[in-house]
Amino acid sequence: MNVRNVLYVVLVGALMLAMVGCTTVAPAAPAAEAPAGEQAAAAPAGETAAKTYADLVVGYAQIGAESEWRTANTASIKDEAERLGVELKFSDAQQKQENQIKAIRSFIAQQVDVIGVSPVVETGWETVFQEAKDAGIPLILVDRRAAVPEDLYVTYLGSDFIEEGRRAGKAMSDILGGEGKIVELVGTVGSAPANDRYTGFREAITEFPGMEIIASQSGDFTRAKGKEVMEAFLKSYGDEIDALYAHNDDMAIGAIQAIEEYGLKPGEDIKIVSIDAVRGAFEAMIEGKLNCTVECNPLLGPQFFELALQVVNGEEVAKWVPSEEGVFFPEQAAELLPTRQY
C-alpha cells in the first residue's frame, strides 16, 4: 500500500471515530435532564398531603349533660364523627371548668390535630388556650365564646346569644302588650349565653317602661334548679308575677312544674318565654303551658367537623360561623314537633 492509500485509510478511520463520538454524546442531553424530571415528579410527594376525615384526630371538651339541648349537641358531635370516620377523643366535664382544662391539656399531650371546646364559663381560659397555640394545635370554640384574645382560637361556631335575648324580649313585649312584671331564670353564672341573653332581653324591653324585671336568679340551665328557683320566686311574689323569662327550655319546664304546684296555670296566669326550642318546649306549647321558644340550634356536628378539616388543611375560615335559627309560637308547635330533631 502506498503512502497515499495509507493516509486515506487513516483519514476515513478518524472520520468514523468522530461520527461514533457524536452518536455516543447525543443521548447525554436527555440523560442529564432525567434527574430534573424526577425531581419535579417527586416534589408533590415531598409536600404535606391534605388530610381527609379518616386521617383526622379531634379532641372535644364538652361541658356536660345539663339539658336536652346539650344532650342533642353531644349526640350531633359523636354521630357525625362516626359517620365521617373521624377519630374523636371526647371528654364530659360535668359542668366543671377545671375538668375541661384538664381535658384540653390531655388533648395537647396526645397531639390531636384540632381541639373543639364549649367553654362552661367565659373567663379563665387564656393560659390553656395559649398552651394549645404553642403546641401548634388549632382550637375551635363551639356554642359558647371565651373571653380571650382572638389569636388564641381560629373560629367560633355558634349562636348570637344577644340576638336570642332580643328575640325573647320582643316576643315577651308582644305577649304582654308592653306591660307586666317579669321574673328571670338566668343560665350558668359567667357563661356566654347567660351573660348575652340577659343583655339582649333588656335591650329589647327598654322601650317599654311598663315592663319590669322584679327578680333575676340563676337556675344553672337545669330543670331541677329552674323548678327550685321558681318556687322561691312564687313564695316571694306570688300573684304579682305576670311572666317568666327563662334562659333555656329546661329551666322553663322545671318552672312550669313549680307554677302548677303553686296552683296557677303556666302559659295563662304566668306567660312564659324561653330559649333553645327543644322538643320538650314544643310539647309544652301544644299543652298551652309555654308561650314562645327562641331557637338555639344544637346540631353543630356537621359544621364543626367541616371547619376542623378546613383548619387543619390550612384553609381560611371566618372568625365567626353563625347558626341559622328561628322563633316559634304555640300555633306552629303541633305541625313542627314531628320535624324537630332534638
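These numbers come from a predicted model, not from an experiment.
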Q: Do Leu299 and Phe305 share a hydrophobic cluster (ILVMFWY, side-chain heavy atoms under 4.5 Å, transitive)?
A: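 In one cluster: no.
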Q: Please say whether more than 12 non-hydrogen atoms of neighbouring residues, nucleotides or ligands are located less than 6.0 Å from CD in Glu98.
A: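 Buried by this count: over 12 neighbours within 6.0 Å.
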Q: For atom CD of Glu260, is the number of surrounding heavy atoms from other residues, nucleotides or ligands below 6.0 Å larger than 12?
A: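 Enclosed.
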Q: Can you find a pair of side-chain heavy atoms, one from Glu324 and one from Glu295, that are under 4.5 Å apart?
A: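 Counting from C-beta outward, Glu324 and Glu295 never come under 4.5 Å.
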Q: Test of understanding: with salt bridge (charged side-chain N to carboxylate O under 4.0 Å, His left out), list the residues that count as partners of Asp143, not counting sequence neighbours.
A: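 Partners of Asp143 under the salt bridge (charged side-chain N to carboxylate O under 4.0 Å, His left out) test: Arg70.
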Q: Closest heavy-atom contact between Trp320 and Gly158?
A: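 Heavy-atom minimum between the residues: NE1-O, 3.1 Å.
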Q: Between Val114 and Val154, is a side chain to side chain contact (heavy atoms under 4.5 Å, CB included) present by the stated rule, with each step listed?
A: CA-CA 10 Å; Val114 64; Val154 290; 5.8 Å; no
Q: Can you confirm whether Lys96 sits close enough to Val120 that some side-chain heavy atom of one is under 4.5 Å from a side-chain heavy atom of the other?
A: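 They are not in side-chain contact.
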Q: Given the rule in the ring pair (Phe, Tyr, Trp, His ring centres under 6.0 Å) test, do Tyr153 and Phe129 qualify, once you have shown the distances and angles that lead to the verdict?
A: CA-CA 8 Å; Tyr153 65 95; Phe129 282 15; 7.6 Å; no
Q: Salt bridge or not between Lys235 and Glu231? Use side-chain N to carboxylate O under 4.0 Å.
A: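 Judged by the 4.0 Å cut-off on N to carboxylate O distance, Lys235 and Glu231 do not form a salt bridge.
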Q: Please tell me whether Ile101 and Val112 are part of a single hydrophobic cluster in this structure, the criterion being side-chain heavy atoms less than 4.5 Å apart.
A: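 Shared cluster, yes.
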Q: Would you say Gln100's side chain and Ala61's backbone share a donor-acceptor pair under 3.5 angstrom?
A: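 Looks like yes, one N/O pair under 3.5 Å.
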Q: Using side chain to side chain contact (heavy atoms under 4.5 Å, CB included), reason through Leu139 and Lys133 one step at a time and then give a plain yes or no.
A: CA-CA 8 Å; Leu139 192 145; Lys133 182 179 179 181; over 6 Å; no
Q: Could you check whether any side-chain N or O of Trp69 sits under 3.5 Å from a backbone N or O of Asn248, counting only pairs where one atom can act as donor and the other as acceptor?
A: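 Between the backbone of Asn248 and the side chain of Trp69 there is no qualifying donor-acceptor contact (under 3.5 Å).
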Q: How many angstroms lie between CG in Leu307 and CG in Leu300, if you round to the nearest 0.5 Å?
A: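 So the gap between those two atoms works out to 10.0 Å.
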Q: Give the intermediate values and the outcome of side-chain hydrogen bond (donor to acceptor under 3.5 Å, both in side chains) for residues Tyr60 and Thr74.
A: CA-CA 10 Å; Tyr60 197 94; Thr74 291; over 6 Å; no
Q: Look at the side chain of Asp113 and the backbone N and O of Val57, then say whether any donor-acceptor pair between them is shorter than 3.5 Å.
A: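 Yes; judged by distance alone, with no hydrogens or angles, the pair exists.
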Q: Begin with the C-alpha distance, continue with both residues' side-chain angles, and end with the deciding distance and a verdict on side-chain hydrogen bond (donor to acceptor under 3.5 Å, both in side chains) for Glu203 and Thr199.
A: CA-CA 6 Å; Glu203 286 182 6; Thr199 299; over 6 Å; no
Q: Are any of the side-chain heavy atoms of Leu141 and Pro119 separated by less than 4.5 Å?
A: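 Side chain of Leu141 against side chain of Pro119, heavy atoms only: contact under 4.5 Å found.
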Q: If I compare all heavy atoms of Pro298 with all of Tyr342, which pair ends up nearest, and what's the gap?
A: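 Looks like CD-CZ, 3.2 Å.
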Q: Spell out, as yes or no, whether a donor-acceptor pair under 3.5 Å connects the side chain of Ser106 to the backbone of Lys102.
A: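 No.
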Q: Heavy-atom count check: over 12 atoms from other residues, nucleotides or ligands less than 6.0 Å from Lys227 NZ?
A: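 More than 12 within 6.0 Å, yes.
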Q: Cation-pi check, Lys78 to Phe90: give yes when NZ or CZ is under 6.0 Å from the six-membered ring centre and within 45° of the ring axis, no otherwise.
A: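 The answer is yes, since Lys78 meets both limits relative to Phe90.
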Q: Between Thr71 (side chain) and Ala65 (backbone), is there a donor-acceptor pair under 3.5 Å?
A: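 Not at all, since once roles are kept as given, no pair shorter than 3.5 Å links the two residues.
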Q: On a heavy-atom basis, which atom in Gly64 and which in Asp92 lie closest, and how many Å separate them?
A: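 Result for this residue pair: CA-OD1, 3.0 Å.
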Q: Evaluate Thr188 against Gln95 for side-chain hydrogen bond (donor to acceptor under 3.5 Å, both in side chains), listing each step before the verdict.
A: CA-CA 9 Å; Thr188 301; Gln95 283 74 50; over 6 Å; no
Q: Going only through I, L, V, M, F, W and Y residues with side-chain contacts under 4.5 Å, is there a path from Val229 to Ile256?
A: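 Per the 4.5 Å side-chain linkage, Val229 and Ile256 are co-clustered.
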Q: Atom CD in Glu179, atom CG in Leu176: separation rounded to 0.5 Å?
A: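 Result: 9.5 Å between the selected atoms.
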Q: With sequence neighbours excluded, tell me which residues meet side-chain contact (heavy atoms from CB on, under 4.5 Å) with Phe329.
A: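 Result, side-chain contact (heavy atoms from CB on, under 4.5 Å) vs Phe329: Ala171, Cys292, Val327, Glu331, Gln332.
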Q: Specify the closest pair of heavy atoms between Ser191 and Arg144, including all atoms of both residues, with the distance to one decimal.
A: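 Where Ser191 meets Arg144 most closely, the heavy atoms are CB-NH1, 3.5 Å.
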Q: Taking all heavy atoms of Ala333 and all of Ile286, pick out the closest pair and write down the distance.
A: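 Shortest heavy-atom separation between Ala333 and Ile286 comes out as CB-CG1, 3.6 Å.
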Q: Would the distance check show the side chain of Ser118 and the main-chain N or O of Gln62 forming a donor-acceptor pair, the cut-off being under 3.5 Å?
A: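 Checked: no pair found.
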Q: Can you sort out the partners of Asp249 under salt bridge (charged side-chain N to carboxylate O under 4.0 Å, His left out), two or more places apart, ordered by chain and number?
A: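 With neighbours one apart ignored, the set is empty.
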Q: Are Glu131 and Arg105 close enough for a salt bridge, meaning some N to O gap below 4.0 Å?
A: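 Yes, this pair counts.
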Q: Salt-bridged, Glu163 to Arg167, with N to O below 4.0 Å?
A: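 Arg167 and Glu163: salt-bridged.
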Q: Side chains of Ile272 and Ile259: does their closest heavy-atom pair fall under 4.5 Å?
A: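 They are in contact (side-chain heavy atoms under 4.5 Å apart), so the answer is yes.
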Q: With heavy-atom distances below 4.5 Å as the criterion, would you say the side chains of Phe161 and Asn195 are in contact?
A: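 SC-SC contact between Phe161 and Asn195 ruled out.
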Q: Can you find a heavy atom in the side chain of Glu80 that is under 4.5 Å from one in the side chain of Phe304?
A: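 A side-chain contact is absent here, since even the closest heavy-atom pair is not under 4.5 Å.
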Q: Is the Phe282-Phe328 ring centre distance short of 6.0 angstrom?
A: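 Yes; Phe328 has its ring centre under 6.0 Å from that of Phe282.
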Q: Are Tyr53 and Val311 linked, directly or through other ILVMFWY residues, by side chains that come within less than 4.5 angstrom of each other?
A: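 In one cluster with Tyr53: Val311, yes.
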Q: Relative to the ring of His247, is the ring of Phe221 parallel (under 30°), tilted (30 to 60°) or perpendicular (over 60°)?
A: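 Correct class here is tilted.
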Q: Could you state the interatomic distance from OG (Ser274) to CD (Glu164), rounded to the nearest 0.5 Å?
A: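 One finds 11.5 Å between OG of Ser274 and CD of Glu164.
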Q: Using side-chain heavy atoms (C-beta onward) and a distance below 4.5 Å, is Met230 in contact with Ile270?
A: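 Yes - at least one pair of side-chain heavy atoms lies under 4.5 Å apart.
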Q: Side chains of Ser216 and Tyr245: is there a donor and an acceptor less than 3.5 Å apart?
A: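 No donor-acceptor contact under 3.5 Å links the two side chains.
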Q: Indicate the atoms forming the closest heavy-atom contact of Ala103 with Ser91, along with that distance.
A: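 Shortest heavy-atom separation between Ala103 and Ser91 comes out as CB-OG, 3.4 Å.
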Q: I'd like to know whether Thr222 forms a side chain to side chain contact (heavy atoms under 4.5 Å, CB included) with Asp250, so could you lay out the CA-CA distance, the side-chain angles of the two residues, the decisive distance to 0.1 Å, and finally the verdict.
A: CA-CA 6 Å; Thr222 69; Asp250 276 77; over 6 Å; no
Q: Any chance you could measure Ile275, atom CD1, to Arg197, atom CZ, to the nearest 0.5 Å?
A: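 Going from CD1 on Ile275 over to CZ on Arg197, the span is 4.5 Å.
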Q: Between Arg279 (side chain only) and Arg340 (backbone N and O only), is there a donor and an acceptor less than 3.5 Å apart?
A: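 Here the side-chain-to-backbone pair exists.
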Q: Report the C-alpha distance between Leu336 and Thr339 in whole Å, list the side-chain angles of each, state the deciding distance to 0.1 Å, and finish with yes or no for side chain to side chain contact (heavy atoms under 4.5 Å, CB included).
A: CA-CA 5 Å; Leu336 293 177; Thr339 69; 4.2 Å; yes
Q: Quick one: do Val278 and Leu290 end up in the same hydrophobic cluster if we chain Ile, Leu, Val, Met, Phe, Trp and Tyr together by side-chain heavy atoms under 4.5 Å apart?
A: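 Per the 4.5 Å side-chain linkage, Val278 and Leu290 are not co-clustered.
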Q: When rounded to the nearest 0.5 angstrom, what distance separates CG in Asp55 from CD in Glu87?
A: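 Here the rounded value is 11.0 Å.
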Q: So, do Val148 and Gln130 sit near enough that their side-chain heavy atoms are less than 4.5 Å apart?
A: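 Answer no - side chains too far apart.
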Q: If I take atom NZ from residue Lys51 and atom CG from residue Asn313, how far apart are they, to the nearest 0.5 angstrom?
A: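 One finds 8.0 Å between NZ of Lys51 and CG of Asn313.
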